[in-house]
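What follows is a short report on a single structure.
Remember, it's 1-based here, ligands and their atoms both numbered in the order they're listed.
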Amino acid sequence: MRIPDITIAVDGYSSTGKSTFARLIAKHFDFLYLDSGAMYRGVTLFAQEQGLIAPDNTIDPALEKALEGLDLHFGQGTVLFMGDRNIEKEIRTMEVSSQVSPIAAVPYVRSWVDDRLHAFAASGRVIMDGRDIGTTVFPNAEVKVFMTARPEVRAQRRYDELVSKGEHPVFEEVMKNLQERDYIDSHRETSPLRRAEDAFELNNSDMGLTEEVAWAEGLIRGKFGLLDAPEEIG
Ligand code: DC
């Protein structure tokens with residue numbers, strides 16, 4: 001049975017598998033998937049290219065005005081574009097990862113991104129992942145999931161992802177970057193990462209993707225009373 005046109009918010013720490021999970025659910029239930037972290041990464045790449053963020057993470061206040069001329073949008077499904085340039089690969093490098101949390105802590109950056117996220121999701125039937133989707137961006141989302149996993153499991157996932165993309169990461173650096181991002185993301189003043197009171201926690205340290213989808217399907221269908229009748233036996 002088709003589930004209604006709702007909004008699903010998926011939040012959690014870095015590398016807990018939010019985007020893999022959200023993509024699968026989007027495919028399974030025919031939803032639009034939106035990756036809010038990609039937008040913060042896009043703004044970070046922009047700030048770096050414009051020379052508006054220093055190596056010590058000092059952000060030039062000129063970034064606020066410069067954002068007025070920035071066009072970030074999703075095309076070809078979930079690929080991020082800056083104007084007509086595909087920046088999907090560049091926003092996933094360690095260089096961008098290492099400066100994205102300070103950028104995402106800036107209030108005017110957050111409101112710039114939030115405006116765009118609301119516009120992208122205007123048609124409904126959306127699953128969005130990030131850090132503050134269930135608390136700030138869509139506080140009324142009908143279904144909220146908060147994802148966690150043990151730090152060493154998360155660092156290994158991130159490490160494997162970087163290797164598969166041809167990078168040569170050092171495991172300890174990946175772990176350090178994760179811990180730094182966790183700290184900044186959950187201690188910033190504006191919309192810190194935290195579990196919404198009505199979110200369901202999913203710790204997927206020891207779970208496979210099939211199990212995660214089954215868990216979400218039970219959660220969503222259960223919520224809407226759409227559980228299929230049990231099969232008859234005999
Ligand atoms: O999910 P990700 O690792 O691609 O996110 C990159 C960074 O963006 C993350 O360190 C924190 C920030 N972020 C945020 O502050 N709020 C969101 N809704 C999504 C991401």
Side-chain angles (χ1 to χ4, degrees), residues 7-23 26 33-48 53 57 59 63 67 72 74 78-80 87-121 126-139 141 144-149 151 153-155 157-162 165 167 169 173-196 199 202 204:
T7 300
I8 305 176
V10 180
D11 289 302
Y13 294 96
S14 300
S15 297
T16 43
K18 297 185 297 294
S19 75
T20 308
F21 172 78
R23 270 177 218 277
Y33 165 61
L34 289 170
D35 171 2
S36 68
M39 294 292 287
Y40 289 101
R41 289 172 177 274
V43 172
T44 305
L45 179 68
F46 174 72
Q48 289 174 338
I53 180 162
N57 295 340
I59 297 163
L63 177 62
L67 283 179
L72 287 183
F74 294 98
T78 56
V79 174
L80 191 70
I87 56 167
E88 193 55 38
K89 248 186 130 168
E90 286 156 278
I91 59 168
R92 310 282 166 196
T93 58
M94 276 295 275
E95 201 182 344
V96 167
S97 297
S98 67
Q99 293 200 302
V100 65
S101 284
I103 288 280
V106 177
Y108 62 76
V109 170
R110 299 205 71 81
S111 72
W112 187 92
V113 169
D114 285 356
D115 287 350
R116 276 141 195 92
L117 294 177
H118 284 134
F120 297 154
V126 164
I127 179 162
M128 189 181 291
D129 74 339
R131 303 293 186 292
D132 65 337
I133 309 306
T135 51
T136 305
V137 182
F138 293 117
K144 300 181 186 178
V145 176
F146 190 79
M147 294 184 61
T148 60
V153 172
R154 297 195 282 131
R157 286 178 186 158
R158 182 90 187 108
Y159 177 87
D160 293 344
E161 192 188 334
L162 289 165
K165 285 177 181 162
E167 288 206 41
E173 276 174 26
V174 173
M175 179 65 117
K176 193 166 158 260
N177 173 254
L178 272 188
Q179 287 168 337
E180 279 169 6
R181 285 207 283 151
D182 284 355
Y183 186 85
I184 301 175
D185 294 346
S186 43
H187 288 81
R188 67 179 175 229
E189 226 164 277
T190 314
S191 307
L193 166 66
R194 63 178 176 81
R195 175 186 166 171
L202 172 62
N204 65 6

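Scored by the ring pair (Phe, Tyr, Trp, His ring centres under 6.0 Å) test, Tyr33 finds no partners at all (sequence neighbours excluded). Legend: residues meeting side chain to side chain contact (heavy atoms under 4.5 Å, CB included) with Ser36, ordered by chain and number and at least two apart, are Leu117, Met128, Ile133.
Contacts of ligand 1 (protein heavy-atom distance under 4.0 Å) are Ser36, Gly37, Tyr40, Arg41, Val100, Ser101, Ala104, Arg110, Gly130, Arg131, Asp132, Ile133, Arg181, Asp185, Arg188.
The closest side-chain donor-acceptor pair between Arg131 and Ser14 falls under 3.5 angstrom.
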For a side chain to side chain contact (heavy atoms under 4.5 Å, CB included) check, start with the C-alpha distance between Phe74 and Met39, then their side-chain angles and the critical distance, and finish with the verdict. CA-CA 9 Å; Phe74 294 98; Met39 294 292 287; 4.0 Å; yes
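In this structure, the side chains of Leu80 and Arg41 stay at 4.5 Å or more apart for every pair of heavy atoms.
Counting only residues at least two apart or in different chains, salt bridge (Lys or Arg N to Asp or Glu O under 4.0 Å) contacts with residues 89-109 comprise Asp35-Arg92, Arg85-Glu90, Glu88-Arg92.
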